[in-house]
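All ligand and atom numbering here is 1-based and tracks the order in the structure. The chain is numbered in sequence order, starting from 1.
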Amino acid sequence: MLSRTPPMGFNTWNTFGENISDKVIRETADVMVETGLLDAGYNYLVIDDCWSLRERDPETNKIVPDPVKFPDGMKAVSDYVHSKGLKFGMYSCAGTRTCADYPGSFDHEFLDAKTFAEYGADFLKYDFCYKPQSANGPLLYRKMGMALKACGREILFSACNWGCDEVSTWIRSTGAHMFRSTGDINDNFRSFKDIAMSQIDNLAYSGVGCFNDIDMLICGMYGDGNVANGGCTDEEYKTHFALWCMFSSPLMLGSDLRKLKDQPFILNLIKNKNLIRINQDEESRPAFAVNGVKERITFAKHLSNNEIAIMFANLSDSDGCCELFFDELGVPASSGYGLEMKDCFTNQTMVKKEYFRHFLKAHSCEVYICKLVK
Ligand code: GLA
């Protein structure tokens with residue numbers, strides 16, 4: 001089964017945009033193995049937009065990989081990615097052109113799905129630009145869902161219509177395994193905060209088999225790359241990653257992974273076992289906002305094995321206290337129970353009764369994996 005838990009991997013768009021190549025993909029594949037990212041669960045390497053020539057082959061009608069960017073073709077790239085133990089992902093679009101104006105799959109769905117299968121693709125991101133006015137959005141995703149079923153290979157279907165047409169309510173029925181629910185992320189605090197906040201009411205639509213994708217990660221971009229827009233501090237990247245884990249979003253890395261050897265903070269963050277465990281919990285229960293005062297919000301997410309993840313997020317621009325009365329979580333003082341709380345960043349454990357209050361700097365967070373104890 002695909003997408004039993006939120007898919008994890010890397011996507012070229014955030015950093016590389018149109019500057020993708022055989023070399024970039026091979027080097028990224030190498031780094032994903034060398035830095036332990038593959039072992040941590042990041043197993044998809046996805047090529048986003050701008051990989052093809054501007055027009056289809058007039059004879060075969062197929063999309064043609066750009067021979068300058070990919071001189072040995074896509075199968076060679078895919079074989080290399082597979083040889084590293086990774087899975088290979090491609091990109092296309094439900095409209096006539098992709099968002100960066102390359103050929104889209106509209107009216108060529110079955111041919112293109114077959115072509116991706118020939119490349120050995122394991123993943124397809126499917127965008128929504130240049131949709132003909134008369135075309136029905138949900139039907140276009142159903143079509144590609146069917147084309148992938150017919151293509152002879154098991155391919156994870158990653159829909160990307162940015163939340164249009166109330167996508168959360170129908171996308172699961174198209175066969176998609178994850179779905180973008182928002183517009184594009186930028187590398188700054190405001191962007192990831194707004195994206196996460198916009199999905200609080202949609203989290204219950206996300207679950208085993210089809211996850212709400214709140215976009216590729218920006219951790220480690222530090223203001224460089226295709227979606228650069230000011231950058232974030234380490235503390236902000238920590239809050240960003242923790243939110244994505246709590247929200248059961250797919251974890252698609254977006255920075256230049258080749259720089260990770262010189263970015264120990266980011267490497268530790270994206271490999272944090274506790275946070276990944278929260279994200280990958282087999283029950284995939286939705287997080288919920290327990291309380292929130294002045295953008296200091298507490299999120300909770302039930303986990304398997306009678307555990308609960310709790311995130312205190314100070315998303316406001318000023319320092320202040322985050323607090324939680326356990327009663328709000330469903331644990332009244334009268335029950336006699338408190339929480340044993342393991343800090344996901346330090347692994348230290350403490351026991352708290354009735355309430356928790358901590359001072360948090362602006363834009364920072366704390367995350368705990370908790371158990372009920374007497
Ligand atoms: C859209 C998507 C992005 C990216 C670009 C590529 O904007 O939302 O994630 O795939 O297209 O052009």
Exercise. Do Phe88 and Tyr44 make the cut of ring centroids closer than 6.0 angstrom?
Worked result: no
For this session: Report the part of Cys160 in contact with ligand 1, treating N, CA, C, O as backbone and CB onward as side chain, heavy atoms under 4.0 Å; options are side chain, backbone, both, neither.
Result: side chain
Exercise. Can you find an N/O atom of Trp13 closer than 3.5 Å to an N/O atom of ligand 1?
Worked result: no
For this session: Run the numbers on Cys129 and Cys93 for disulfide bond (SG atoms under 2.5 Å apart), then give the verdict.
Result: CA-CA 7 Å; Cys129 284; Cys93 184; 5.3 Å; no
Problem set entry | Aromatic contact, Tyr237 with Tyr222 (centres under 6.0 Å) | yes
For this session: Would you mind running through ligand 1 and noting each atom that sits below 4.0 Å from a heavy atom of Ala100?
Result: 12 (O)
Problem set entry | Close approach, Phe128 and ligand 1, non-hydrogen under 4.0 angstrom | no
Problem set entry | Presence of salt bridge, Asp79 and Lys75, under 4.0 angstrom | yes
Exercise. Can any side-chain N or O of His108 pair as donor or acceptor with the backbone N or O of Phe106 at less than 3.5 Å?
Worked result: yes
Exercise. Arg26: what forms a salt bridge (Lys or Arg N to Asp or Glu O under 4.0 Å) with it, not counting sequence neighbours?
Worked result: Asp22
Problem set entry | Those atoms of ligand 1 less than 4.0 Å from some heavy atom in Lys125 | 3 (C), 4 (C), 9 (O), 10 (O)
For this session: Pull out every atom of ligand 1 sitting under 4.0 Å from any heavy atom of Asp49, numbered as shown with elements.
Result: 6 (C), 12 (O)
Seminar exercise, completed: of all protein heavy atoms, closest to atom 7 (O) of ligand 1 is Asp184 OD2, 2.7 Å
Exercise. Going by the atom numbers of ligand 1, which of them fall below 4.0 Å from some non-hydrogen atom of Arg180?
Worked result: 8 (O), 9 (O)
Problem set entry | Between Phe299 and Phe247, ring centroids under 6.0 Å | yes
For this session: Out of Asp48, Asp127, Thr12, Asp215, indicate the one that has the non-hydrogen atom closest to atom 1 (C) of ligand 1.
Result: Asp127
